[in-house]
Amino acid sequence: MVELTINNIKVKAEEGMTILDAAKSVGISIPTLCHMKDLFPTGACRICVVEVDGMRGLIPSCAYPVSEGMNVLTNSARVRISRKTIVELLVENHPQDCLICVRNKNCELQDLSETYSIREHRFVGEKKDHAIDISSASMERDPAKCILCGRCVRVCNEIQKVGAIDFTNRGFKSNVTTPYNKGLNVSDCILCGQCILVCPTAALREKSHIKAVAAATNDKSKFPIVQIAPAVRASLGEEYNLPLGKNVTGKLITALRRLGFKKVFDTNFAADLTIMEEATELISRINNGGKLPMFTSCCPGWVKYIEQNRPNLLPHVSTCKSPHEMEGAVLKTYYAKKMGLNPEDIFVVSIMPCTVKKFEAERPELNQEHLQDVDAVLTTRELVRIFKMTGIDFVDLPEDEFDNPLGESTGAAAIFGTSGGVMEAAIRTAYFKIAGNHLDKLELEDFRTENKVKSKSIKINDDITLNAAVVNGIGNVGKILDEIENGDSKYHFIEVMACPGGCINGGGQPIHAKPEKIRKRVQALYEIDANAKTRRSYENESVQKLYNEFLEEPNSHIAHEILHTNYIDRKSILKRK
Amino acid sequence: MHKDIFKHYPANDRSNLIAILQQIQDEYGYLPEEALQDVASFLCMPVSSVYGVATFYNQFRLTPLGKNVIRVCRGTACHVKNSANILTALESELNIVAGGTTRDKLFTLETVACIGACSIAPVININEEYYGRISVKEIPKIIKKYKTEAKKEISNLESASV
């Protein structure tokens with residue numbers, strides 16, 4: 001421990017701690033922009049500068065360790081002027097369109113401008129001018145709004161290890177962009193949206209489907225149906241200052257009905273359906289010498305990643321569509337028939353914690369006779385915007401229940417929203433299908449940790465011991481893929497989620513969630529599972545009925561036609577080496 | 001072939017990035033996109049990072065040089081003697097901006113900090129030749145000279161092949 005003084009307050013701090021953290025521990029807040037917790041500091045933005053006795057210049061507190069007897073001023077006139085100038089320079093090189101910006105009132109630059117009381121334009125000069133990149137199906141990139149903090153670059157390179165964007169050029173021409181400034185649609189980007197979550201401004205944002213959804217809900221000839229992903233119900237309440245990790249399913253259903261959706265269904269239903277298909281596929285691969293290990297295919301970011309980087313391993317990916325696509329497909333076939341609806345009139349909207357789902361919904365493979373399985377995807381953030389627009393006072397809404405039959409779900413489906421959840425759900429069903437009896441302990445604690453790669457061997461019977469692994473974040477998948485390429489993978493079944501933590505921390509979720517928040521969201525999903533009447537996908541009666549009336553049995557011919565898909569070698573399309 | 005360059009360097013070690021890029025540029029006169037991709041996979045780093053480095057340093061070019069390289073001195077002495085006008089005149093004559101290459105690949109226009117010929121400012125340099133105390137009026141004539149030369153070369157080649 002070392003002792004230092006910050007603003008005349010005696011502070012005890014651990015050796016190696018930064019001034020920033022030491023100040024925080026005694027309630028002194030220092031603004032940051034480029035700083036990212038747990039990543040090596042770059043000290044690039046200089047907004048966190050402080051004055052230290054004996055040092056000639058101001059020093060960045062995020063990158064400077066405390067030392068014994070250090071005397072720090074975080075709020076001297078010199079520091080304030082310096083910070084204010086930095087903010088002024090950033091503001092002057094930024095489009096002044098806050099009023100019509102998607103991040104209005106949720107922007108770090110705006111906050112800093114307010115904090116440092118910037119009330120005039122002191123610097124006037126040339127502004128950078130970059131075109132908006134709207135090439136991708138999921139995201140928009142508006143480099144004019146970029147303040148070059150580099151957080152997106154670091155998430156993309158160091159956490160996701162995708163490396164789609166980086167700093168290019170220098171000085172006034174500096175720009176965060178793709179190689180050759182090409183569109184995101186032809187870059188290495190997997191559209192996971194983790195960069196959106198860390199962007200302080202609106203330089204990175206989702207491509208909005210709000211207009212399409214509004215048009216469909218207002219169109220009398222359409223039959224708009226909405227479905228909600230598991231992770232959305234655990235995070236939406238945050239936007240209304242409800243207790244962290246509060247499950248808001250009931251209110252959410254009421255709100256969606258008020259928006260004009262004729263039916264409100266649950267993606268969790270299709271998650272159970274996915275498990276039936278996926279577990280059956282796994283067992284069949286094990287019994288019939290199919291390609292192993294088998295990867296889950298629920299995460300479209302992961303699917304896009306393997307298509308772009310290791311197309312040779314695509315036969316390892318389960319052919320199951322992701323749950324919301326299965327739900328859409330069942331709605332436009334089974335449900336349409338049952339209700340006497342014309343599939344062309346059905347407009348399926350998915351509420352997702354995810355940006356890639358927008359891209360996925362547009363995949364040409366995912367359709368029924370040229371009708372997209374899912375017509376539009378709204379992120380959690382977009383949904384909140386719609387609620388505001390339509391005067392829905394979310395907090396005071398009464399609770400409601402999902403419509404049936406595509407609204408019933410088991411606890412196994414709820415945990416799809418968190419890393420390890422799909423694996424746990426799949427094992428519950430696979431165990432039953434192989435061993436013939438229920439798994440005693442449903443909670444597989446090894447898969448509930450925050451580790452980057454989680455693995456466990458599960459003895460199912462004397463013949464079969466299932467080696468399962470969970471990859472928590474696409475940045476951790478490389479080694480596992482290498483093992484398979486080298487032919488020395490010991491696993492049978494591997495879950496991969498592109499976003500660290502799973503969908504609960506997806507790129508479509510509320511911005512700037514601290515790890516504590518995300519843990520609460522995870523807890524909410526585990527609670528839904530723990531309190532569910534049924535907790536194993538094969539116990540979902542509506543799913544059983546769907547098989548009896550329509551799909552015959554898991555992996556049947558018709559199930560394959562409607563619930564399974566194929567993948568594309570995008571590496572060749574993108575001409576990557 | 002740039003792949004031969006890789007033989008002199010260990011794979012997966014990005015500390016050699018700049019040296020490798022320099023050698024590739026020596027080979028081709030610029031950094032072709034395909035080569036950047038190869039460098040990225042050789043050093044196990046994203047193409048975006050390689051591209052970032054290649055665009056950071058002025059020494060690297062991402063487009064091939066034109067047949068004639070025009071360098072406009074933008075040093076202090078030339079600046080005082082209105083080299084900005086010379087540059088603008090060249091840009092409008094060639095219909096490109098500094099750093100660019102004409103569509104017919106005859107000319108590349110560049111600026112340099114100081115050519116080192118301040119006594120004859122303002123000065124431009126085309127390939128090996130220097131043009132001192134130059135005025136905006138002379139520019140079309142100079143450019144025409146190089147265009148005519150190029151035409152002559154082409155017709156010589158054509159008659160030779162006939």
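Owing to the predicted nature of the structure, the values given are computational and were not obtained by experimental measurement. Letters A, B, ... are given to chains in the order of the sequence lines, protein chains preceding strands, and every chain is numbered from 1.
At most 12 non-hydrogen atoms from other residues, nucleotides or ligands lie less than 6.0 angstrom from CG of N95(B). Counting heavy-atom neighbours within 6.0 Å of Y57(B) OH, excluding the residue itself, gives a total of 12 or less. A 6.0 Å sphere centred on CG of N451(A) holds more than 12 heavy atoms belonging to other residues, nucleotides or ligands. Within 6.0 Å of the CZ atom in F40(A), the count of heavy atoms belonging to other residues, nucleotides or ligands does not exceed 12. At most 12 heavy atoms of other shown residues, nucleotides or ligands fall within 6.0 angstrom of atom NZ in K452(A). Environment of CG in L89(A): crowded, with over 12 heavy atoms of neighbouring residues, nucleotides or ligands closer than 6.0 Å. Atom NZ of K145(B) sits in a crowded spot, with more than 12 heavy atoms from other residues, nucleotides or ligands closer than 6.0 Å.
Side-chain contact between L36(B) and P179(A): absent, with no pair of heavy atoms (C-beta onward) separated by less than 4.5 Å. Between Y180(A) and L62(B) there is a side-chain heavy-atom pair separated by less than 4.5 Å. Using a 4.5 Å heavy-atom cutoff, the side chains of S48(B) and D188(A) are not in contact.
Pairing each heavy atom of G163(A) with each of P46(B), the nearest pair is O-CB, 3.4 Å.
Atom-to-atom distance recorded for N58(B):CG and R170(A):CZ is 6.0 Å, nearest 0.5 angstrom. To the nearest 0.5 angstrom, L574(A) atom CG is 9.0 Å from Q37(B) atom CD. With values rounded to the nearest 0.5 angstrom, K575(A) atom NZ is found 9.5 Å from E33(B) atom CD.
Proximity to chain A (any heavy atom under 4.5 Å) is restricted, for S41(B), to the side chain, taken from C-beta onward. For a residue to count as touching a neighbouring chain, one of its non-hydrogen atoms must lie under 4.5 Å from one of that chain's; by this rule N175(A) does not touch chain B.
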Item checked: Stepwise side-chain contact (heavy atoms from CB on, under 4.5 Å) check, Y51(B) with T168(A) -> CA-CA 7 Å; Y51(B) 178 78; T168(A) 62; 3.4 Å; yes

